[in-house]
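So the structure is just underneath, and the comments pick up after that.
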2 protein chains.
Amino acid sequence: MTDQHRGSVTLMDVAARAGVSLATASRALNGSNRRVGDALRQRVLDAATSLNYAPNAQAQAMARGKTNVVGLVVHDIADPYFSSIAAGVMEAAEGHEVLVTLASTLRRPEREIDYVVALRGQRSRAVILAGSRIDDDDAAEALRREVENFEDSGGTVVAITQKQLPVDTVVIENRAGARDLAGALVELGYRRFAVLAASDALLTARDRMHGFREGLRSHGVELGSDDVVYGPFTRDGGYEAMRGLLSRADELDCVFAVNDVMAVGAMAACREHGVRVPDDLGLAGFDDISTLRDVNPALTTVRLPLETVGATAFDLVLTSDSRERIRTRRIKGEVVLRQSTRTLNP
Amino acid sequence: MTDQHRGSVTLMDVAARAGVSLATASRALNGSNRRVGDALRQRVLDAATSLNYAPNAQAQAMARGKTNVVGLVVHDIADPYFSSIAAGVMEAAEGHEVLVTLASTLRRPEREIDYVVALRGQRSRAVILAGSRIDDDDAAEALRREVENFEDSGGTVVAITQKQLPVDTVVIENRAGARDLAGALVELGYRRFAVLAASDALLTARDRMHGFREGLRSHGVELGSDDVVYGPFTRDGGYEAMRGLLSRADELDCVFAVNDVMAVGAMAACREHGVRVPDDLGLAGFDDISTLRDVNPALTTVRLPLETVGATAFDLVLTSDSRERIRTRRIKGEVVLRQSTRTLNP
DNA sequence: GGCACGCTGGAATGCGTGTTCCACGATAAC
DNA sequence: GTTATCGTGGAACACGCATTCCAGCGTGCC
């Protein structure tokens with residue numbers, strides 16, 4: 001008794017101290033379907049607090065047959081895009097007696113599947129899959145199967161952006177946003193564009209690129225094949241891609257990077273090479289990441305309400321109903337013109 | 001059988017399909033102390049995969065009496081400071097058969113305590129408390145008590161920065177870093193300083209402020225009481241605090257903001273009021289947040305290896321040993337001089 | 001006054017798994 | 001040929017809790 005005081009205090013300890021049975025103690029603490037006398041209940045509550053009783057969530061989950069754990073799987077928690085979504089999910093979960101578990105796949109698709117399996121092992125109530133799906137058929141098929149397993153075992157799955165999964169999905173309107181942005185830039189007077197794109201396998205990046213091209217086309221502007229440069233979906237990817245473009249910078253009016261961090265990298269490359277933004281070249285991004293709102297010149301971009309995206313995903317989890325057909329919630333982006341582009345008077 | 005196929009597949013299902021008993025199935029899957037014949041084991045493994053068996057982690061945890069869940073409690077996951085630490089923890093956890101649960105307190109101390117209780121309920125193996133402790137005696141005492149409960153029930157607690165808790169701690173040398181920064185700035189020729197500080201209740205902010213003052217003093221420079229302005233620990237806090245300082249900007253050489261996001265806000269305020277950085281005023285921050293590395297002019301700051309901080313915390317969890325006395329791991333910052341300060345020739 | 005009924009508390013069961021204890025067959029040692 | 005030993009598989013129990021079933025008791029109704 002003196003050495004290892006291991007082993008937490010259990011409901012039985014509480015019951016013994018209050019001089020009641022397990023059943024009564026449980027009923028007093030959870031206030032379940034049946035009432036327990038006020039005097040006894042108070043005795044149990046006092047015993048619990050004086051013993052610092054914390055119910056064993058594992059045992060509760062097993063006895064009840066369900067958990068209140070929601071898993072959130074993102075690609076990279078250090079990326080402000082995903083951390084904003086995560087913040088939105090967690091804020092929405094506040095007050096709903098739910099424990100949010102966050103997993104970061106470090107951009108490896110097979111980890112994503114592993115995490116869904118692990119969360120199924122936890123008997124999680126739900127999984128939220130955030131992030132642009134890699135367009136690898138094998139991995140996509142494996143994920144689809146595991147999602148099915150997860151749902152078969154009683155959980156609900158919600159996706160963000162992953163349009164190809166047959167589950168409730170929060171769709172970010174990347175294509176429409178990029179289209180709107182293209183239109184706004186053409187109206188400013190820009191005509192000769194280039195795009196810093198990311199791997200075509202990333203659906204988000206691809207949608208933005210295609211949307212941008214469509215937007216230009218509907219205004220009578222065409223994008224040449226040389227005008228699309230590919231690089232990783234990161235700051236350094238934008239930097240390198242922009243460097244490849246600088247040799248012919250004088251042929252260009254404006255560069256669109258498919259996300260803000262790439263745009264910031266591109267801006268750094270421009271600065272290093274004496275290309276002034278926006279005087280020599282316009283520059284636009286996508287996302288409106290709040291920590292990047294203070295770069296100078298301020299970035300023209302498409303604002304995405306990422307916290308709302310997370311909150312919406314959580315709402316889909318709460319209101320999930322397996323009898324209902326698949327639901328889709330669309331989140332629109334909004335073009336924000338700032339100092340990295342200007343009105344052109346040709 | 002057709003409608004609700006609820007209820008996951010259990011170990012019993014696997015055993016039945018393989019034609020063995022529960023015990024044998026368990027032994028075959030976990031490879032525990034005793035061996036099971038190769039033929040039978042293969043039968044069990046095949047049954048498991050063909051049924052998509054995922055062991056119920058709750059039940060395992062209860063049977064084993066311990067979990068492999070590690071809880072990470074941060075103040076705000078959308079803050080890059082914390083998301084970098086979180087990324088470090090998760091990367092370190094990779095391959096250690098551990099599930100990391102992330103909780104975000106939204107900067108409310110009572111939520112921090114709630115989460116520790118919840119994690120105790122989960123019978124988590126460990127909790128990592130990240131973030132500058134609010135200097136509220138009542139809350140600190142309550143947290144200390146709850147940490148004690150957590151350890152009594154068999155878990156380990158690791159703190160980041162929270163020096164006042166009697167647990168293994170990763171200490172970020174805020175004071176020394178700020179001291180070094182002050183020295184470097186004085187050597188550049190700056191003499192008339194101001195500090196954008198945050199609430200004194202935040203130990204991190206206070207340490208940086210005090211360290212900066214000490215560094216100045218050791219170089220014969222004093223900081224007047226008017227020269228310290230307080231604001232929230234955020235971008236907008238820095239913006240507002242700087243605005244309050246701009247009326248007397250011509251009396252100043254250099255402004256130190258106690259973290260990068262405040263410095264970025266301050267830079268925006270300067271820009272709006274035509275104060276040029278670094279020509280009219282030097283500006284320095286703290287943290288070297290990577291997403292802020294591209295502001296222009298680039299920020300002089302103190303680089304903290306935040307991923308290393310997270311990884312170190314996780315290492316303390318893994319190597320924890322209750323018999324050992326409290327360990328402390330110190331993480332040093334490194335002064336990085338960039339374009340937001342310059343050499344002064346008075 | 002007897003009986004049905006509502007209310008409260010206790011004993012027992014089940015959740016899914018790990019593990020201990022026991023039984024059984026085979027082999028080796030004498 | 002008999003026994004000790006080892007290897008392997010099955011039955012039973014424990015983990016901590018929710019919940020169902022059952023017993024006792026007081027009250028109201030006929």
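Naming: A, B, ... by sequence-line order, numbering from 1 per chain.
- Between the CG atom of A:Leu29 and the P atom of C:dG9 there is a distance of 14 Å, rounded to whole Å.
- Rounded to the nearest 0.5 Å, atoms CD (B:Gln122) and CZ (B:Arg120) are 12.5 Å apart.
- The environment of CD in B:Glu97 is sparse: at most 12 heavy-atom neighbours from other residues, nucleotides or ligands sit within 6.0 Å.
- When the C1' atom of D:dA14 is taken as reference, atom CG of A:Asn56 falls 14 Å away, rounded to whole Å.
- The side chain of B:Gln60 contributes an N or O atom lying less than 4.0 Å from OP1 or OP2 of C:dG18.
- Nucleic acid contact class of B:Leu22 (heavy atoms, under 4.0 Å, all strands): base.
- Looking only at atom types and distance, the side chain of A:Ser104 has no donor-acceptor partner in the side chain of A:Arg111 under 3.5 Å away.
- In this structure, A:Ser26 reaches the D:dA18 phosphate: one of its side-chain N or O atoms is under 4.0 Å from OP1 or OP2.
- One can place CZ of A:Arg64 at 17 Å from P of D:dG16, the figure rounded to the nearest angstrom.
- Nearest nucleotide to the side chain of A:Ala63, out of C:dG10, D:dG10, D:dA18: D:dA18.
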Between B:Asp315 and B:Arg329, is the salt bridge (charged side-chain N to carboxylate O under 4.0 Å, His left out) condition met? List the steps.
CA-CA 10 Å; B:Asp315 183 61; B:Arg329 297 276 177 84; 3.2 Å; yes
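- Taking side-chain N and O atoms only, B:Tyr53 has no distance below 4.0 Å to OP1 or OP2 of C:dG16.
- If you take CZ of B:Arg43 and C1' of D:dT8, they are 14 Å apart, rounded to a whole angstrom.
- Distance, B:Arg41 CZ to D:dT8 C1': 13 Å, rounded to whole Å.
- In terms of position on DNA chain D, the residue among B:Gly19 and A:Ala59 whose nearest nucleotide sits closer to the 5' end is B:Gly19.
- Among D:dC17, C:dG9, C:dT17, the nucleotide with an atom closest to any side-chain atom of B:Leu11 is C:dT17.
- Within the structure, a side-chain polar atom (N or O) of A:Asn30 is placed less than 4.0 Å from OP1 or OP2 of D:dA18.
- Between B:Glu112 and B:Leu143, the closest side-chain pair of non-hydrogen atoms falls below 4.5 Å.
- Between B:Met62 atom CE and D:dC15 atom P there is a gap of 10 Å when expressed in whole angstrom units.
- Spacing between atom NZ of B:Lys66 and atom P of D:dG16 amounts to 15 Å, rounded to whole angstrom units.
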Pairs under 3.5 Å (N/O, protein and nucleotides 21-23 of chain D):
residue, atom, partner, partner atom, Å
D:dC21, N4, A:Arg34, NH1, 3.4

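- B:Arg17 has no carboxylate O lying under 4.0 Å from a charged side-chain N of B:Asp46, or vice versa, which leaves the two without a salt bridge.
- As rounded to whole Å, 14 Å separates atom P of C:dG18 from atom CE of B:Met12.
- Between A:Ser21 and C:dA11 there is no side-chain N or O to OP1 or OP2 distance below 4.0 Å.
- Checking C:dT19, C:dT17, C:dG10 against every side-chain atom of B:Thr10, the shortest atom distance belongs to C:dT17.
- Classification of B:Arg108 and A:Glu94 as a salt-bridged pair holds, one side-chain N sitting under 4.0 Å from a carboxylate O.
- A:Arg327 has no carboxylate O lying under 4.0 Å from a charged side-chain N of A:Asp321, or vice versa, which leaves the two without a salt bridge.
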